[in-house]
Structure formats: C-alpha cells, structure tokens
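Read the structure below first, then the notes.
Given the structure is predicted, the values throughout are model-derived calculations rather than measurements.
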Amino acid sequence: MSQKPTASPTLPKKPFGWEKLVITGLMVGGLIWSGIVTEVNVPQFVANFGQFAQIIVEMLKPDWSYVSYVVAPLIQTIKMAVIGTAIGAGLAFPYAFLVSRNVVTNRFVTGLFRFILNIIRTIPDLLLAALFVAVVGIGPVAGIITLAIFSFGMVGKLFFEAVETIDEGPIEALKASGANQWEIVRYAVIPQVMGYFVSYTLYAFEINVRASTVLGYVGAGGIGLFLQQNLSQFRYDRVSLMVLLIFAVVLVIDYVSSKTREALL
C-alpha cells in the first residue's frame, strides 16, 4: 500500500513589522541628508560625463616611452613598503604580548597599552604622511615612517587578538611546572601564533604597497609623486601607464603573499 508523500513543513513568514519600516526610512533619510550636506549634484555629474569619457579615451593610449622614468620610483615604492612593513611588524610583535590579557594579567598595563594602540590606529595614514613630510622633508623617509606606524597599528591589533584566542592548555601546564613568564611566552604562546603573525605581516605588506602609491601625493616619495605631477599636467597617457605598472606589481605581490600564507597556515 503506497503512502502519500508528506509535505515538508514550512516556517511561517515573519510579518514586515513597523521596526523594519522605521529602519528603512532612517537609512533612506540618512542617505538623502548625506547627499544634501556633501552637495551631491547628480544632474551636473550626468552633464559632465562626457569629460570623464574623454579622460578614459586618453588613458587607453599609454605612453610606453615613459616606462624608463617610472621604473625607479616604482621600485622605491616597493622598498618603502618592505621597510615600513618590517619596522612596523617588528615593533608590533613584542607589543602585542603586552596588550594580551592571557599573557599579561595586570589589567592596568594591558588597558594602557591598548589605549595607546587605539590612538595610533585612529590617525589616518595621509595625515601621518603630511606631518612627517613637514618634519623630515619630502622624500621616501616620511613614507617609510608613515607605513611603519600604520603597519604597527594594524598588525598589533590583529596579532594580539590571535594571541588571546590560543589554546590555554600549554600555558596552564607550564605554569604548573613552575615556568616563568618568558618561558610561557616562548614555549606555549609563540609556537601557536607565529604562523598568524607572518600571515598578518604579509597582509600588511600588500596593503602598504597600495598605500605607498597614494602617500606620494603629499610628498612622501615613491611613484605617487609622479602620479600627482602627471595628473596636474593632464598627462593621462602617462597616468594610465603608471596605473598598469602598479596593477601588475600588486597582482604579483598578492599572488606571492597568498601562496606564502597557504604554505604557512
């Protein structure tokens, strides 16, 4: 005797309540208010779209003869990213242990160092670059210092969060055997988080390569300075060439970094 297939139970649909209407209205109102405050002019954008199309047409014809002039600043940009990332990540490595509450149990110490780290992370990199250009002058030194501070804030945040999520078993075992704080960090903490630290450092390096191209706009060296100069001269053919070169370099770095992270984790 065949049985009729039973219909699968369906969950009742939730009614579209007034809370969702209010949230939707607030979001739409906030969008409109933001457009008014920032003086967004959609008709003007549409009217000037022809100029944008003209720029795109000019950028479709890269000036390949300009390659010899931008290779050196492009290499300088990569060097800035490498040195800045190395300095920032090197400082973030020991600092992350000072803000990890499972390593340093004194809440006042961890709170103080976390407060300092949060202040560093809130300062925009362009503002840092402008400040250091005023201090040390135009050139890659200002860019390196800026990238180092930026890397320190980012890697330090990610790394101490990784430290706080480790397995507590090895730490408790070493404490029970009478190990001191340095031995606990060396044998129970570092082996668990070293792979994450390298991964976060490579991630910061990828971001710094992109960021260093923008820092040149405020005089922090690298290919960004050439971008700013050629944009001010409306040489979009040269700008497109530099964009293509930066894009190629970023693709290579992203590929190498991703493969390195896969091998480590």
Side-chain angles (χ1 to χ4, degrees), residues 38 44-45 48-89 123-155 200-261:
T38 56
Q44 185 178 3
F45 173 77
N48 295 334
F49 190 79
Q51 299 180 11
F52 176 74
Q54 181 62 31
I55 293 175
I56 296 298
V57 170
E58 294 182 16
M59 292 185 68
L60 291 176
K61 303 174 183 178
D63 183 9
W64 297 105
S65 62
Y66 197 63
V67 172
S68 58
Y69 295 95
V70 297
V71 169
L74 181 60
I75 294 176
Q76 185 183 75
T77 297
I78 299 174
K79 290 179 179 179
M80 287 168 51
V82 170
I83 299 173
T85 304
I87 295 174
I123 304 176
D125 51 354
L126 282 177
L127 177 58
L128 285 173
L131 291 174
F132 286 114
V133 165
V135 174
V136 301
I138 296 175
V141 176
I144 290 172
I145 299 175
T146 301
L147 294 175
I149 295 176
F150 175 75
S151 301
F152 172 78
M154 179 173 60
V155 177
Y200 295 147
T201 301
L202 291 173
Y203 176 65
F205 174 62
E206 296 174 16
I207 295 178
N208 285 340
V209 172
R210 300 180 182 93
S212 57
T213 62
V214 181
L215 297 182
Y217 276 81
V218 293
I223 199 172
L225 184 61
F226 282 71
L227 274 172
Q228 191 272 338
Q229 291 174 352
N230 284 279
L231 280 172
S232 62
Q233 297 172 2
F234 306 105
R235 292 300 306 267
Y236 298 112
D237 53 344
R238 295 179 176 178
V239 170
S240 64
L241 170 68
M242 287 183 279
V243 170
L244 289 174
L245 292 176
I246 295 170
F247 179 70
V249 170
V250 169
L251 280 182
V252 173
I253 292 175
D254 284 350
Y255 177 78
V256 174
S257 298
S258 63
K259 291 300 181 182
T260 305
R261 283 197 301 267

Between [atom1] on residue [X] and [atom2] on residue [Y], distance to nearest 0.5 Å:
X: Phe234; Y: Glu58; atom1: CZ; atom2: CD; answer: 10.0 Å
X: Ile144; Y: Asn208; atom1: CD1; atom2: CG; answer: 11.5 Å
X: Thr213; Y: Leu245; atom1: OG1; atom2: CG; answer: 12.0 Å
X: Leu127; Y: Thr146; atom1: CG; atom2: OG1; answer: 9.5 Å
X: Leu225; Y: Thr77; atom1: CG; atom2: OG1; answer: 9.5 Å
X: Ser151; Y: Ile149; atom1: OG; atom2: CD1; answer: 10.0 Å

Listed once per pair and sorted, the salt bridge (charged side-chain N to carboxylate O under 4.0 Å, His left out) pairs that draw on residues 216-231, sequence neighbours left out |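 Found none.
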
Which pairs pass salt bridge (charged side-chain N to carboxylate O under 4.0 Å, His left out) with one or both residues in residues 201-220, sequence neighbours excluded?
->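 Qualifying pairs, neighbours excluded: Glu206-Arg261, Arg210-Asp254.
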
Assess whether side chain to side chain contact (heavy atoms under 4.5 Å, CB included) is satisfied between Val239 and Arg235, documenting all intermediate values.
-> CA-CA 6 Å; Val239 170; Arg235 292 300 306 267; 5.6 Å; no

In a check of side-chain contact (heavy atoms from CB on, under 4.5 Å) between Ile223 and each of Ile75, Val249, Ile246, which one passes?
->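 Option passing the side-chain contact (heavy atoms from CB on, under 4.5 Å) with Ile223: Ile246.
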
In this structure, which one of Val243, Leu241, Ile56, Leu231 forms a side-chain contact (heavy atoms from CB on, under 4.5 Å) with Tyr236?
->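 Passing option: Leu231.
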
Would you find more than 12 non-hydrogen atoms of other residues, nucleotides or ligands less than 6.0 Å from Tyr203 atom OH?
->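 Count not over threshold, so no.
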
If you compare all heavy atoms of [X] against all heavy atoms of [Y], which two are closest, and at what distance to 0.1 Å?
X: Val155; Y: Ala204; result: CG2-CB, 3.7 Å
X: Ile207; Y: Phe150; result: CG2-CE2, 3.8 Å
X: Ser212; Y: Met80; result: CB-CE, 4.3 Å
X: Ala142; Y: Ala129; result: CB-O, 4.5 Å
X: Ser68; Y: Ser65; result: OG-O, 3.9 Å
X: Tyr66; Y: Phe226; result: OH-CD2, 3.4 Å

Thinking salt bridges, do Asp63 and Arg238 make one under a 4.0 Å N-O criterion?
->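 Looking at Arg238 together with Asp63, the answer is yes, because their closest N to O distance falls below 4.0 Å.
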
Side chains of Leu244 and Trp64 in contact at under 4.5 Å (non-hydrogen atoms) |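 In contact.
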
